[in-house]
Amino acid sequence: MARRPPLTFFLWLLWFSLLSVTRADDKACTGHHGGKYYDLNPLQAGKDYELTTPGGLELVLSACKSVSHETWGLKVQDPGLVGGFIRRAHGDFSMGQTNTTLSFSGRAGHPHLTLASGSKCVDSDGNTLDHLRGSTEIEFICDPSHGAGSPRLVAQLPPGGDELACAWFVEWRTAAACATSEGTTFGGVVWFLFISTLVLLLLYLLLGTLYNHFVLHLSGTDALPRFSLAGALYHVREAWGLARDWWGQRQGGGGYGALPRGPVGLGGPAGNGSRA
Ligand SMILES: *[C@@H]1O[C@H](CO)[C@@H](O)[C@H](O)[C@H]1NC(C)=O
């Protein structure tokens, strides 16, 4: 009946749970700044956002995910990872790769997204520049009255019109950029229970080993506590008995707590034994 748990199994579980805890911390498009929590994920619901460039071209942008528009003629390595693009005459131009890592580098501490590694820029002679690629910086500003809000193109650089532009700065007023509470998810509760159980098991393993070693003087693998159904039932029954006794004492009813008051036993009724 008794079976030793393989230690590697526990180590593996511990490693896996630690991994999941750290991963929960950098959930896509969320971040902590100044003791506050930000979650921009509401912005990825629904369609892409459409704007117009100063020169009248169509600009399509998405937040926290790739654009869902069909693109054509994109000259980038991964056309499925485009955070925004401009519809130019000779093909779409990527404004940068999708990015879900928030940064708070700006002076005001607003959440930012940086899209980099877009299409290759061109110079004023029309030559493609191998070392320079399209990039976009989006600053999200908290505005509870805006709902999802919409992006606004603040600037595009270098100067020289839509065909030369290769870097964009976008401002996005939205309620999603307001600090929020982290909230408890069902998954979070499950993980909490799982990790608590794991910690208790490890504690049992550790204390059991120490007990077996120092009190029972077992050594080697004999000192590892064994899990067995009979043993577990025994401990449960023991705990139940203790709990019942404790309850009985508190009630002052039956059990050990109900000792009669006053002298009992050989002396007979009180008063008889003492004569002046
Ligand atoms: C995503 O944004 C982070 C923070 O600004 C930046 O460090 C990282 O290089 C970006 N990744 C890509 C692929 O652009």
Side-chain angles (χ1 to χ4, degrees), residues 19-46 48-51 53 59-88 91-122 128-143 148-158 164-180 182:
L19 198 75
S20 70
V21 165
T22 45
R23 272 181 43 160
D25 209 28
D26 43 62
K27 191 180 152 220
C29 248
T30 66
H32 293 269
H33 181 69
K36 291 184 179 135
Y37 178 70
Y38 297 86
D39 184 354
L40 295 182
N41 282 293
L43 292 183
Q44 43 162 305
D48 295 339
Y49 297 83
E50 290 171 24
L51 311 178
T53 64
L59 186 160
V60 176
L61 193 65
S62 186
C64 299
K65 68 169 169 77
S66 305
V67 292
S68 35
H69 271 65
E70 291 269 346
T71 54
W72 68 279
L74 262 181
K75 294 191 190 86
V76 289
Q77 254 174 355
D78 201 340
L81 271 186
V82 169
F85 67 88
I86 288 177
R87 193 135 274 181
R88 286 183 177 166
D92 292 339
F93 189 93
S94 167
M95 298 166 67
Q97 266 184 23
T98 313
N99 198 341
T100 58
T101 307
L102 288 187
S103 65
F104 299 88
S105 47
R107 207 168 44 158
H110 297 304
H112 278 225
L113 279 180
T114 308
L115 315 181
S117 309
S119 300
K120 285 176 182 168
C121 307
V122 289
T128 302
L129 303 171
D130 280 333
H131 56 280
L132 203 59
R133 288 174 172 275
S135 57
T136 303
E137 182 81 6
I138 311 174
E139 179 172 72
F140 297 92
I141 299 173
C142 164
D143 191 337
S150 52
R152 188 175 71 88
L153 183 60
V154 175
Q156 62 179 16
L157 291 166
L164 274 188
C166 210
W168 294 265
F169 182 69
V170 173
E171 181 191 270
W172 195 326
R173 290 186 174 272
T174 166
C178 301
T180 178
E182 216 149 335

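Whatever order the structure lists ligands and atoms in, that order sets their numbers, starting from 1. Just so you know, these numbers come straight off a predicted model, no measurement behind them.
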In this structure, is the centre-to-centre distance between the rings of Phe140 and His110 below 6.0 Å? no
Taking the ring centre of each residue, are Tyr38 and Phe104 less than 6.0 Å apart? yes
Nearest protein heavy-atom contact for [atom]: which residue, which atom, what distance?
atom	answer
atom 13 (C) of ligand 1	Gln97 OE1, 4.0 Å
atom 9 (O) of ligand 1	Asn99 ND2, 4.8 Å
atom 5 (O) of ligand 1	Thr114 OG1, 3.4 Å

Among Leu113, Leu81, Thr101, Thr100, which one puts a heavy atom closest to atom 4 (C) of ligand 1? Thr101
Worked check of side-chain contact (heavy atoms from CB on, under 4.5 Å) between Phe85 and Val67: CA-CA 8 Å; Phe85 67 88; Val67 292; 3.9 Å; yes
Would you confirm whether any non-hydrogen atom of the protein falls under 4.0 Å from atom 2 (O) of ligand 1? yes
Would a distance-only check, ignoring hydrogens and angles, find a side-chain to backbone donor-acceptor pair under 3.5 Å from Thr71 to Leu74? no
Taking only heavy atoms of Ala116 into account, list the atoms of ligand 1 that are under 4.0 Å away from them. 14 (O)
Rounded to the nearest 0.5 Å, how far apart are CZ of Phe93 and SG of Cys121? 5.0 Å
